[in-house]
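Heads up: the structure comes next, in structure tokens.
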2 protein chains.
Amino acid sequence: MVKRTSHQSADCLIARPLDAIGDWWSLLIVRDAFDGMRRFGEFQRSLGVAKNILSARLRNLVAHGILETVPAPDGSAHHEYVLTEKGRGLFYVLVALRQWGETYFSGPGEPYTFMVDTRTGRPIRRLEVHAEDGRRLVPGETRLADFRQQPD
Amino acid sequence: MVKRTSHQSADCLIARPLDAIGDWWSLLIVRDAFDGMRRFGEFQRSLGVAKNILSARLRNLVAHGILETVPAPDGSAHHEYVLTEKGRGLFYVLVALRQWGETYFSGPGEPYTFMVDTRTGRPIRRLEVHAEDGRRLVPGETRLADFRQQPD
DNA sequence: TCCATTCGGTTTCAACTTGAAACCATTGCG
DNA sequence: CGCAATGGTTTCAAGTTGAAACCGAATGGA
């Protein structure tokens, strides 16, 4: 084994993102960041992850431009980790994952949970894929593989 | 180290799905499955993954009910791997990941690529999150963390 | 002042996972 | 029959992960 395979230079726009976030912890860190967590200790307590692993993951997320460090507002010597715009772009990935989880990973006997509109407290709609003209598309109607074309 | 941490029993509907697909290969296998691949060899050639790893991943995806094995239609002794309904539910995760990849992982100088409506060849729309009443929601307006409530 | 704690990590080291390559069992075919 | 292709499993070295120990810089009390 030379090294764990990297998808970084893969010619696939699903593989490349996975190189940045495709491990067991990164998306959970991003999720916590969406929930307002910013400090090393907050992530550590929330996730229960070993500190060396968290340290490595945060470094990787910063290196990929998903999080950035900012000086702590309380004037302490430490810094905080906040989502960049690129990081906030992961929102849809998390919503998709969450809705899939709601549907297929709710334990039997567990109360059914769902994402809610914080304004009304009502469940949000399920994600849908739409064509340019507004038609709803199902899996067979769009391809996940690359399709190269110069934008006109 | 006891074992790699499992999120299987985590009380979080983002963590639990990650336990099933949160490694470097599983989502790529699912992506290929959406593109019609079914045979061990097809996945192996497409991904360039070691056979033992592919074998373990396929077994895991089957165990999680994301893929299922069906007898090969050509009457050979082998079987094929096809997406279950649960597996097809990952479509939105892949679309979200792909759109994020299109936006932030297109190499400079690379032709811009995007997912297209196979009927018209035109790009599909970006995913959006909507409230029950149709209002478009941005990250702060819905929470990824669990919110438990009995559906009425 | 001085000891104790918290915060944010890094280091260490054993166990576990990954990947390349070799190996193996069936079928397919000439 | 001989030989290649398919679909794996086994083996083993190297890489990754995680628990725990350690560390330095700031607080925080007594």
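A, B, ... follow the sequence lines: proteins, then strands. Residue 1 opens every chain.
In terms of phosphate contacts, A:S55 brings a side-chain nitrogen or oxygen within less than 4.0 Å of OP1 or OP2 of C:dT10. Regarding contacts with the backbone of D:dG8, a side-chain N or O of B:H79 is found under 4.0 angstrom from either OP1 or OP2. For A:T5 and C:dT18, the shortest distance from a side-chain N or O to OP1 or OP2 is not below 4.0 Å. Between B:R39 and D:dT6 there is no side-chain N or O to OP1 or OP2 distance below 4.0 Å.
Across B:L144 and A:R98, no two heavy atoms sit closer than the pair O-NE, 3.1 Å.
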Walk me through it: do B:L58 and B:L67 pass the test side chain to side chain contact (heavy atoms under 4.5 Å, CB included)? CA-CA 8 Å; B:L58 287 172; B:L67 294 177; 3.7 Å; yes
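Heavy atoms of A:W25 sit under 4.0 angstrom from primed sugar atoms or phosphate atoms, though from no base atom. Counting non-hydrogen atoms under 4.0 angstrom, A:Y81 reaches the backbone sugars and phosphates but no base.
Of the inter-residue distances, the one linking A:L61 atom CG with A:E68 atom CD reads 12.5 Å to the nearest 0.5 angstrom. Distance CG/B:L47 to CG/B:D32: 4.5 Å, rounded to 0.5 Å.
Summarising the geometry, the separation between CG on B:N60 and C1' on D:dG8 is reported as 17 Å, rounded to the nearest angstrom. When the C1' atom of D:dA14 is taken as reference, atom CG of B:N52 falls 14 Å away, rounded to whole Å. Separating the NZ atom of A:K51 from the P atom of C:dT10 is a distance of 10 Å, rounded to the nearest angstrom. B:R59 places its CZ atom 9 Å from the P atom of D:dG8, with the value rounded to the nearest Å. Following rounding to the nearest Å, A:D23 (CG) and D:dT17 (P) show an atom-to-atom distance of 7 Å. When rounded to the nearest whole Å, the span between CG of A:L54 and C1' of C:dT11 equals 16 Å. In this structure, the CD1 atom of A:I53 is 10 Å from the C1' atom of D:dA19, given to the nearest Å. Atom C1' of nucleotide D:dT17 and atom CH2 of A:W24 are separated by 12 Å, given to the nearest angstrom.
Below 30°, between 30° and 60°, or above 60°: for B:F43 and B:Y81 the angle between ring planes is above 60°, a perpendicular geometry.
The nearest heavy atom of DNA chain D to B:L58 and to A:G48 marks one nucleotide each, and the one closer to the 5' end goes with B:L58.
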